Student: 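This is the structure I want to talk about, given as structure tokens.
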Amino acid sequence: MALTGRFAIVVAVGAVPLVLLGDTAGAAWGVLAGWVVLCALLAAVDARLAASPRSLTLARELPARVRLGESVASTVLIGNRGRRMLRAVVRDAWQPSAGASTARQRVRVPAGERRALTLTLTPTRRGERRVEQVTVRSLGPLGLAARQAVLAAPGGVRVLPPFLSRKHVPSRLARLRELDGRTAVMIRGQGTEFDSLREYVRGDDVRSIDWRASARTTTLPPKLVVRTWRPERDRRIVIVVDSSRTSAARIGDEPRLDTAIEASLLLSVIADRAGDRVDLLAFDRRVRARVHGASGAEMLGREVDALASVHPELIEMDWRAVPGQVRALTAQRALVVLLTSLDSIGAAQGLLAVLGQLTAKHTVLVASVTDPLVAEAARHLDDRAAVYRAAAAERALLDTARLAEAVRGLGAHVVTGAPEGLPPAVTDAYLELKAAGRL
């Protein structure tokens, strides 16, 4: 049983005679006591006449997935199996990160009928957002008291990465078409494979003439035929996302891990459209997510689903295990993309220790997000405090530059950028390596 605010107001009305009559009339206290007893009896009767919340049936309608930043409707169907009208306040107990639009809703359900309560969810975090119960407070006809119960109504929605970098897909696909030769002349070179034959036109490289195919032409005089080439396909791309403690640092409005996820999704889409095979691994000291052997729409769906529940772990990255994880995904030469941080010399020692093992067999690309506020702080020298901040920022920039140079010295490529610029920068580096035939 629960008492409402209306009950408190009604009881307070009984204090009016005590205030008006003052201390001269001792009967005022008796009147007040009688009024309180009467209110308690009315509340007890009111609670007795309220519909029992235990007689309700609950059903939940909820989409299984939603992207971070988007909204989704959550509907609870309340059925009244009792014989009394249900006047209730319902609280759907979603966790705060689910972003429920309202905490409590009022509903009236006649006996034998069902009503739907809908609220809007706008999640603020990736992963599983779950709800286990619904609290129903059934009010009596007078609204003085209520009967309350907590009923089980489990449900959940999986919040997927937003993939905001998908806006870069059209421009990178256009570059890929140029690379494939659909809008440019295909030229033979390292990292290319035979595509087709076509008639010779002025300006073509005479070394591309296929004399045997030219001799088999049926026209008189015979026409020259040249071979055309395109970048090699079916290359292997292995993306390793660092989910250790360094990925928890917030750059701008999001953790470093979220930027790495955006970069991995954009690269996966472009590499898949280029005909290459993509494997994804989120790792710190154990595998947090793994996608292997998928392509097309299935690959993107599996990646966003696997990465949705990956969060930074406050442990050190075990870089010694990374070469073994890469070998488990592919035994062929591959482009290994390491999405990690290059802002701390101490944290990067493990990476530098194993980088030589990876570059000996694979083409390695190390991508790291940089904080634009650090570069901005290094330019401000307004007062003494700003000078100290600028010195610290310059020290951080020098550490990043030294680490990048050390990585290049071990044979790997380095890409750095702000949160919005890193995903397209990583994809551009992949396209450049593909055009150069270095995959």
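Bear in mind that the values here come from a model prediction, so they are computed numbers and not experimental data.
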Student: Using modelled atom types only, decide if a donor and an acceptor are shared between the side chain of Thr363 and the backbone of Thr359 within a distance under 3.5 Å.
Tutor: no
Student: Is the shortest side-chain heavy-atom distance between Asp305 and Arg302 below 4.5 Å?
Tutor: no
Student: Is the backbone N or O of Thr118 less than 3.5 Å from a side-chain atom of Gln105, with the two atoms forming a donor-acceptor pair by type?
Tutor: yes
Student: For a quick test of reading the model, state the closest non-hydrogen atom pair linking Leu3 to Ala43 and the distance between them.
Tutor: CD2-CB, 4.2 Å
Student: Between Arg402 and Ile345 (side chain of the first, backbone of the second, donor and acceptor by atom type, cut-off under 3.5 Å), is there such a pair?
Tutor: no
Student: What I want to find out is whether Glu313 reaches Arg288 closely enough, with some N-O distance under 4.0 Å, to be called a salt bridge.
Tutor: yes
Student: Treating Arg67 as the side-chain partner and Pro161 as the backbone partner, does any N or O pair qualify as donor plus acceptor under 3.5 Å?
Tutor: yes
Student: Can you confirm whether Asp428 sits close enough to Arg172 that some side-chain heavy atom of one is under 4.5 Å from a side-chain heavy atom of the other?
Tutor: yes
Student: Do Pro154 and Gln133 come close enough that some side-chain heavy atom pair is under 4.5 Å?
Tutor: no
Student: Hey, mind stepping through Arg129 and Ser97 against side-chain hydrogen bond (donor to acceptor under 3.5 Å, both in side chains) and telling me if it holds?
Tutor: CA-CA 7 Å; Arg129 307 273 78 84; Ser97 57; 3.0 Å; yes
Student: Give the intermediate values and the outcome of side-chain hydrogen bond (donor to acceptor under 3.5 Å, both in side chains) for residues Ser341 and Ser368.
Tutor: CA-CA 5 Å; Ser341 63; Ser368 175; 5.7 Å; no
Student: Does some side-chain heavy atom of Pro372 sit less than 4.5 Å from a side-chain heavy atom of Ile251?
Tutor: yes
Student: Using side-chain heavy atoms (C-beta onward) and a distance below 4.5 Å, is Leu160 in contact with Val66?
Tutor: no
Student: Does Gly127 offer a backbone N or O that forms a donor-acceptor pair with the side chain of Arg158 under 3.5 Å?
Tutor: no
Student: Counting only N and O atoms by type, is there a donor-acceptor contact under 3.5 Å from the side chain of Thr4 to the main-chain atoms of Leu144?
Tutor: yes
Student: Check the pair Ser244 / Asp284 against side-chain hydrogen bond (donor to acceptor under 3.5 Å, both in side chains), numbers first and verdict last.
Tutor: CA-CA 5 Å; Ser244 65; Asp284 41 67; over 6 Å; no
Student: Examine distances only and state if a side-chain atom of Arg333 and a backbone atom of Lys361 form a donor-acceptor pair shorter than 3.5 Å.
Tutor: yes
Student: Within a strict 4.5 Å, meaning less than it, do heavy atoms of the Tyr430 and Val337 side chains meet?
Tutor: no
Student: Return yes if some donor-acceptor pair links the side-chain N/O of Thr416 with the main-chain N/O of Val369 below 3.5 Å, else return no.
Tutor: no
Student: List the steps and the verdict of side-chain hydrogen bond (donor to acceptor under 3.5 Å, both in side chains) for Glu254 and Thr259.
Tutor: CA-CA 7 Å; Glu254 64 183 19; Thr259 304; 2.6 Å; yes
Student: Are Arg236 and Gln332 close enough that a side-chain donor and a side-chain acceptor fall under 3.5 Å?
Tutor: no
Student: Under 4.0 Å between a Lys/Arg side-chain N and an Asp/Glu carboxylate O for Arg115 and Glu113?
Tutor: yes
Student: For Arg147, is there any backbone N or O sitting under 3.5 Å from a side-chain donor or acceptor partner on Ser138?
Tutor: no
Student: Under 4.5 Å between any side-chain heavy atoms of Leu119 and Val76, yes or no?
Tutor: no
Student: Does Asp276 come within less than 4.0 Å of Lys434, counting only side-chain N to carboxylate O?
Tutor: yes
Student: Hey, does Leu300 have a side-chain heavy atom less than 4.5 Å from the side chain of Ser268?
Tutor: no
Student: Identify which one of Val90, Leu77, Val134, Leu58 satisfies the side chain to side chain contact (heavy atoms under 4.5 Å, CB included) criterion when paired with Leu117.
Tutor: Val90
Student: Going by the side chain to side chain donor-acceptor pair (under 3.5 Å) test, which pairs reach into residues 375-385, not counting sequence neighbours?
Tutor: none
